[in-house]
Amino acid sequence: MKKIESGTKFSSIDEIIKPRFAGKKVKLRGWVHRQRSGKKIAFIVLRDGTDILQCTAKKSELSEEKYEEFCNIKYESSIIVFGTLEKDDRAPNGYELHIENFEIIHLAETFPISKDQSEAFLLDIRHLWVRSQKLTQSARVKAKLMEGARNFFKKQGYLEVWPPIITGSSCEGGSTLFELDYFGKPAFLSQSAQLYLETLIFAHKKVFALTPSFRAEKSRTTRHLAEYWHLEAEAAFLDLNGIMDLEDELVTAMIHKVARDEKKSLISLGRKPKDLLEIKAPFERIRYDEAIDIINSKGVKIEWGEDFGTGHERALTKDLKSPIHVTHFPRQIKAFYMKTLDGKTAECNDLLAPEGFGEIIGSSQREEDIKIITENLLRDGSDIADYEWYLDLRRYGSVQHSGFGLGIERVMRWVCNLEHIRDTIAYPRVMNRSTP
RNA sequence: GCAGGCAUAGCUUAGUUGGUAGAGCGGUCGGCUGUUAACCGGCAGGUCGCAGGUUCGAUCCCUGUUGCCUGCGCCA
């Protein structure tokens, strides 16, 4: 491997593929994304982490040996190229580099990924497939979504906090937790930071957190991960309508940020930025009862008291352009911490993404009545002793409060128009895969 | 967890109503080309997932097993 001389000025592709750089000399370094060579002229498509650029080498402009070396460069070799940038409609993105000199940093072995690949194979060699256009674009979109979210929370006065990942008790139901050996005692990987965020609002009033959440559910679907990134917020003094307002503005801020700053990636993933910009808070809100009627009217059967399945969510959102809230689900099918006003329904809401993508947020106003919480815990067969610390929150300065959890990868799947949630994350953890 | 499907070269696959197999890509050698994972020709590359069974003979039929994929349930 050759050392790169220190002090050398390199450009990045995204900053030079602009009209004002046409005719200018530039030095780039990156990886060979594509390579084609002939007798007199050869091409490589260079990828440098910011964009791709076609580079052209002519035999007449390089020495015989240099040209041959250029023709023998293999995919994914790392390389330094030097030359003049030109506008050229024959190049993939309208610009190309006319190579005057180049230096191979590392000549790659034959890259195992070629034209035809199966999903299973791409998961096996994920550590190399992360270099693909699809995964790099999706990664950029994700970063922008989070940037949009953080900006939004900051503006709203929410403090970012870091709850624990290892926990001693569950949040909702014990069967879906990953158990681990914690110095000889059982502990669990967190599946939601909610209960901890509830403790923290008494210190900070309004908090949010981005944490990994773990679900040991043996789900086999295109929208479940065993490890996913969970964006959760909790706010004191907020009721159900207040938290829904916040969710709508958050989601709007996130998708608008991406639509403005990551246009190319979105387009290439199959999502028009303009369509995202047309989606604006507040989103439509319907009650569970109305949703039941709508779903039934679309020919998909559901009875009052049933939770939504995939088919129900799809029927409800397939023809929508904007997300929609479904509120006030039956209390019996919802978690122990959700508030009830009428004893029958919960002050909760699910935010469903349009076009059939389904649930992206689960949210509720929290129950303050310690008796009802206890009742609910007993209903679920939980051990009250495990929740004493949580019940303390209702003993010392209890206030009305609400919060929600948003699945980043779920939002990603919708925003990037992706068939499978695994392409929203570099290393998807699903039921039967934990490597690479 | 339930239901269905698949497993043949490095990758993507065709095929054999049971007589041990072809192709494309990739590799390699050569030709051609301002190419867009281009095209043309030569060559190399396969104990047909694994273990049993039936059979003169199994990659093909049967049983088991493992891995993977899809759908459902569960959820974000």
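Nothing here was measured: the structure is a model prediction, and the numbers come from that model.
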Q: May I ask which nucleotide in the shown strands pairs with B/U35, Watson-Crick or G-U wobble, both distances under 3.5 Å?
A: none
Q | Spacing of A/F357 atom CZ relative to B/A76 atom P, expressed in whole Å | A | 19 Å
Q: Using the C1' atom as the reference point in each nucleotide, state the distance between B/A3 and B/C60 in Å, no decimals.
A: 26 Å
Q. With a 4.5 Å limit on heavy-atom distance, are the side chains of A/I408 and A/I425 in contact?
A. no
Q) Can you name the one residue among A/R285, A/K334, A/R410 that meets salt bridge (Lys or Arg N to Asp or Glu O under 4.0 Å) with A/D350? A) A/K334
Q.
Can you identify which nucleotide, out of B/U36, B/G26, B/A76, has its nearest atom closest to the A/T110 side chain?
A. B/G26
Q) Between A/Y387 and A/F336, how do the two ring planes meet: parallel, tilted or perpendicular, split at 30° and 60°? A) perpendicular
Q. When we call it a touch if two heavy atoms are under 4.0 Å apart, what does A/L231 touch: a base, just sugar-phosphate, or nothing?
A. nothing
Q: May I have the distance from A/L351 (atom CG) to B/C75 (atom P), rounded to whole angstrom?
A: 17 Å
Q) Is the distance from OP1 or OP2 of B/U28 to the nearest side-chain N or O of A/K74 less than 4.0 Å? A) yes
Q.
Counting distance alone, no hydrogens or angles: does the base of B/C72 have a donor or acceptor under 3.5 Å from a partner atom on the side chain of A/T310?
A. no
(Q) Measuring only the C1' atom in each nucleotide, how far is B/U63 from B/A44? A whole number of Å is fine. (A) 39 Å
Q) Would A/Y228 count as stacked on B/A76 if the rule is ring centres under 5.5 Å and plane angle under 30°? A) yes
Q.
On RNA chain B, compare the nucleotides closest to A/M431 and A/E96; which residue's is nearer the 5' end?
A. A/M431
Q.
What's A/D88 touching, base or sugar-phosphate or nothing? Going by heavy atoms closer than 4.0 Å.
A. base
Q. If you measure from the C1' atom in B/C43 to the same atom in B/U17, how many Å do you get, rounded?
A. 35 Å
Q: Sticking with atom P, work out how far B/C69 lies from B/U12, rounded to a whole angstrom.
A: 12 Å
Q | Presence of salt bridge, A/K59 and A/E68, under 4.0 angstrom | A | no
(Q) If I take atom NE2 in residue A/H33 and atom C1' in nucleotide B/U36, what distance separates them, rounded to the nearest angstrom? (A) 11 Å
Q: Kindly point out which of B/U35, B/U12, B/C69 is positioned nearest to the side chain of A/N432?
A: B/C69
Q: Quick one: label A/I360 by what it contacts on the DNA or RNA (base, sugar-phosphate, nothing), any heavy atom closer than 4.0 Å.
A: sugar-phosphate
Q: Would you indicate what A/R413 reaches in the nucleic acid, counting non-hydrogen atoms under 4.0 angstrom: base, sugar-phosphate, or nothing?
A: nothing
Q.
I want to verify a distance call: between B/C72, B/A37, B/G34, whose nearest atom is closest to the A/R223 side chain?
A. B/C72
**Q.** Whole angstrom value for the distance that separates P of B/A76 from CH2 of A/W414
**A.** 18 Å
Q. On a whole-Å scale, what distance lies between the C1' atoms belonging to B/U8 and B/G22?
A. 11 Å
Q.
Work out how far the C1' atom of B/U47 is from that of B/C40, and round it to whole angstrom.
A. 34 Å
Q: Would you mind reading off the distance between A/E109 atom CD and B/G26 atom P, rounded to a whole angstrom?
A: 19 Å
Q: Whole angstrom is fine here: how far is it from CG in A/N349 over to P in B/A76?
A: 11 Å
Q | Out of B/C72, B/G1, B/U36, whichever nucleotide has its closest atom nearest the side chain of A/R90 | A | B/U36
(Q) Checking A/E198 against A/H401: is there a side-chain donor and acceptor pair closer than 3.5 Å? (A) yes
Q) Would you say the base of B/C75 and the side-chain of A/R410 have a donor-acceptor pair closer than 3.5 Å? A) yes
(Q) From the set B/C72, B/G71, B/U12, return the single nucleotide nearest to any side-chain atom of A/T222. (A) B/G71
**Q.** Identified pairing partner of B/A3, criterion: Watson-Crick or G-U wobble below 3.5 Å
**A.** B/U70
Q. Reckon A/R47 touches a base, only the sugar-phosphate, or nothing at all at heavy-atom distances under 4.0 Å?
A. nothing
Q: Name the closest nucleotide to the A/Q54 side chain, picking from B/U70, B/C74, B/U36.
A: B/U36
**Q.** Side-chain donor-acceptor contact under 3.5 Å, A/E100 with A/H98
**A.** no
Q. Taking the side chain of A/R36 as its heavy atoms from C-beta onward, which of B/U36, B/C69, B/C75 lies nearest to it?
A. B/U36
Q) With nearest nucleotides of RNA chain B determined for A/H420 and A/F111 from heavy-atom distances, which residue corresponds to the more 5′ nucleotide? A) A/F111
Q) Between B/C68 and B/C50, how far is it from one C1' atom to the other, in whole Å? A) 15 Å
Q) Has A/R220 got a side-chain N or O lying under 4.0 Å from the OP1 or OP2 atom of B/U70? A) yes
(Q) Check this for me, if you would: do A/R287 and A/E290 make a salt bridge, where the nitrogen-to-carboxylate-oxygen distance has to be below 4.0 angstrom? (A) no
(Q) Counting the atoms with a prime plus P, OP1 and OP2 as sugar-phosphate, which does A/P112 contact under 4.0 Å by heavy atoms, base, sugar-phosphate, or nothing? (A) nothing
**Q.** Options B/C32, B/G34, B/A37, nucleotide nearest the side-chain atoms of A/K39
**A.** B/C32
Q. Just checking A/F121: base, sugar-phosphate only, or nothing, at a heavy-atom cut-off of under 4.0 Å?
A. sugar-phosphate
Q) When the distance from CD1 of A/I125 to P of B/G26 is rounded to whole Å, what number comes out? A) 17 Å
(Q) Measuring only the P atom in each nucleotide, how far is B/A38 from B/C25? A whole number of Å is fine. (A) 10 Å
(Q) Less than 3.5 Å apart, any donor N or O on the side chain of A/T110 or A/K74 sitting next to an acceptor on the other? (A) yes
Q) Between atom CD1 in A/I44 and atom P in B/G34, what is the gap in whole Å? A) 19 Å
